[in-house]
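Below is one structure; the comments refer to it alone.
Predicted, not measured: the structure shown is a model, and the values here were computed from it. FYI, side chains are in, hydrogens and waters are out, and symmetry mates aren't considered; it's all heavy atoms of this structure.
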Amino acid sequence: MDNKTDEILKRRSKLSPTQRELLEKRLRGQLDSGSPLEIIPRRSQTSPVPLSFAQQRLWFLHQIDPGNLCYNELIIIQMIGVLHIVALEQSFNEIVKRHEALRTTFEIIEDRPVQVIHPIPTANVTIKVINVCKLPEAQRNTDVQRLIVEESQRTFDLTQGPLLRCTLLRVDEQEHILLFTIHHIVSDGWSIGLLVQELAALYEAFSTGKHSLLPELTIQYADFALWQREWLQGKILDTQLAYWKEQLANAKTVLELPTDRPRSHLQTSIGKKHSFSLPATLSKSLKSLSQQEGVTLFMTLLAAFNTLLYHYTNQEDILIGSPIANRNRSEIEQLIGFFINTLVLRTNLSNNPSFRYLLQRVKEVTLGAYTHQDLPFEKLVAELQLERNLNHTPLFQVWFVLQNAPISNLELAGLKLSFLEAETVMVKHDLKLDLSETREGIKGFFEYKTDLFDASTIARMAELFVKLLTIVVEQPDINVNQLRAILNEAEKQDKFLKHQNFQAARSQKLGKVKRKGIISTD
């Protein structure tokens with residue numbers, strides 16, 4: 001390891017021993033493959049720059065379907081306390097000033113899409129304030145929900161900036177709801193965390209008449225995009241492609257997950273969430289099992305999710321998509337922009353492995369993916385020349401994520417913030433399992449397309465997932481077919497109990513009718 005690598009590891013001192021070991025392997029793999037760890041330089045050109053690979057795919061999808069809302073990120077923040085709206089607007093505009101990505105639009109110049117970065121004065125954000133506080137409470141709540149739905153259904157024109165919007169609903173003197181919407185082409189989950197942190201620091205300064213103390217950024221997103229295009233070629237590109245082509249050779253790219261309704265000819269994006277929590281004791285046991293087996297919590301939960309999907313599909317070869325922050329260079333850690341990459345994790349459940357052995361298979365796959373994470377998913381899809389299908393996403397339809405550092409409720413000066421969830425969400429995949437580590441234990445939700453699944457189906461899926469986790473921490477040597485048998489029996493029992501409850505309710509209803517003399521007892 002060189003000095004640069006040591007510096008990166010020091011900044012990650014909060015990582016667990018297993019996570020740190022994985023990072024060391026990742027960095028060592030970079031060095032062995034010739035992947036540079038040097039600082040990304042500032043670009044010298046001021047003319048429009050090419051899109052990053054990730055941006056290019058989103059831009060392409062936008063051209064096909066400009067009305068698609070699933071790449072709009074809507075953040076809903078409830079603010080309790082005295083709000084200084086001018087300071088809030090100043091804070092947003094300072095963030096836009098700091099991050100060129102938030103002043104970027106996309107145009108076609110000489111037959112290719114490019115990033116156009118706008119000067120600061122022309123890219124200001126104005127907060128639209130809507131006052132609902134004078135309405136009766138019932139009407140007020142109805143209007144708030146209507147305004148949230150309306151905001152979630154507003155599209156962006158990628159040629160017109162800024163690609164973010166702020167609407168403030170004034171509920172009463174001490175309560176506001178901020179609707180912040182941003183297009184994914186200039187942001188990602190990590191970026192939202194950065195934005196909230198910067199917003200907190202700037203609001204505290206501006207609301208007390210002080211200046212921003214945030215340090216100047218060393219590079220901007222366009223610098224990264226230009227560097228990425230120049231770096232990812234030749235031997236580096238060939239090495240990355242060779243790995244993924246071998247890893248995904250002859251893979252079945254459609255997961256035959258049973259649905260409540262047949263799939264339509266075109267993809268839809270309307271979805272809902274089903275939230276659930278793991279008991280604190282189970283969360284602790286899962287972490288202990290992970291440490292004992294030399295794997296991360298992510299790997300353990302992924303292995304369990306694969307087993308659950310195996311139960312539903314009977315497929316031994318499963319592809320799952322999973323995001324990776326792709327912030328493996330120090331100079332981009334503090335940048336707002338679209339850096340996130342998608343990894344395709346292929347799990348082999350053949351030959352009836354024990355869960356303990358399955359963990360090692362998942363570990364091997366995950367480490368290999370981490371080592372070769374630099375190949376953009378967009379380029380992988382293009383290189384594999386997959387047959388396009390309008391009713392499902394390429395390579396995988398199910399998504400898995402573990403948030404190790406979820407955005408927590410923060411406080412601005414004099415304000416308490418809470419992140420709220422919209423009742424209906426825009427979804428990119430048929431099914432998504434999103435888990436987070438919290439102080440109380442592991443929490444999460446299943447996100448699903450409502451035209452494919454009923455709410456009761458997903459609720460039962462969450463119950464089976466918790467049951468499966470409870471079993472594997474107690475019996476890690478149990479094999480996957482035994483797990484399937486237990487889950488099948490649980491589903492049979494559930495259907496039997498539902499049938500009994502239905503018959504009991506029916507009998508009770510008929511009894512009431514008879515007592516009223518409506519039905520003769522002769």
Contacts of A325 meeting side chain to side chain contact (heavy atoms under 4.5 Å, CB included) (sequence neighbours excluded), chain-then-number -> W190, R327

Using a strict cut-off of less than 4.0 Å between a Lys/Arg side-chain nitrogen and an Asp/Glu carboxylate oxygen, indicate whether R146 and D143 qualify as a salt bridge.
yes

Check: Do the numbers put R329 on top of the ring of W231, so that NZ or CZ is under 6.0 Å from the six-membered ring centre and no more than 45° off the axis?
Finding: yes

Sequence neighbours excluded, the answer for side chain to side chain contact (heavy atoms under 4.5 Å, CB included) partners of D157 is T159, Q160

Those residues at least two apart in sequence (or on a different chain) that pass salt bridge (charged side-chain N to carboxylate O under 4.0 Å, His left out) with E198 are R98

**Asked** Taking the six-membered ring of F53 as reference, does the NZ or CZ atom of R229 fall below 6.0 Å from its centre and within a 45° cone about the axis?
**Response** yes

Practice prompt. Please say whether the positively charged group of R165, taken as NZ for Lys or CZ for Arg, lies over the ring of F156, i.e. under 6.0 angstrom from the six-membered ring centre and within 45 degrees of the axis.
Written response: yes

F446 and F453 aromatic centres sub-6.0 Å = no

The complete set of side-chain hydrogen bond (donor to acceptor under 3.5 Å, both in side chains) pairs with one or both residues in residues 297-306, sequence neighbours excluded, reads S290-T300, N306-T347

Applying side chain to side chain donor-acceptor pair (under 3.5 Å) to K287 and not counting sequence neighbours gives E437

What one should report as the nearest heavy-atom pair of F400 and L301 is CZ-CB, 3.7 Å

So ring pair (Phe, Tyr, Trp, His ring centres under 6.0 Å) across residues 88-130, not counting sequence neighbours, yields F92-F180

Audit row: D454, T457, side-chain hydrogen bond (donor to acceptor under 3.5 Å, both in side chains) steps and yes/no
CA-CA 5 Å; D454 291 333; T457 299; 4.6 Å; no

Does a donor on one side chain sit under 3.5 Å from an acceptor on the other, for E73 and S187?
no

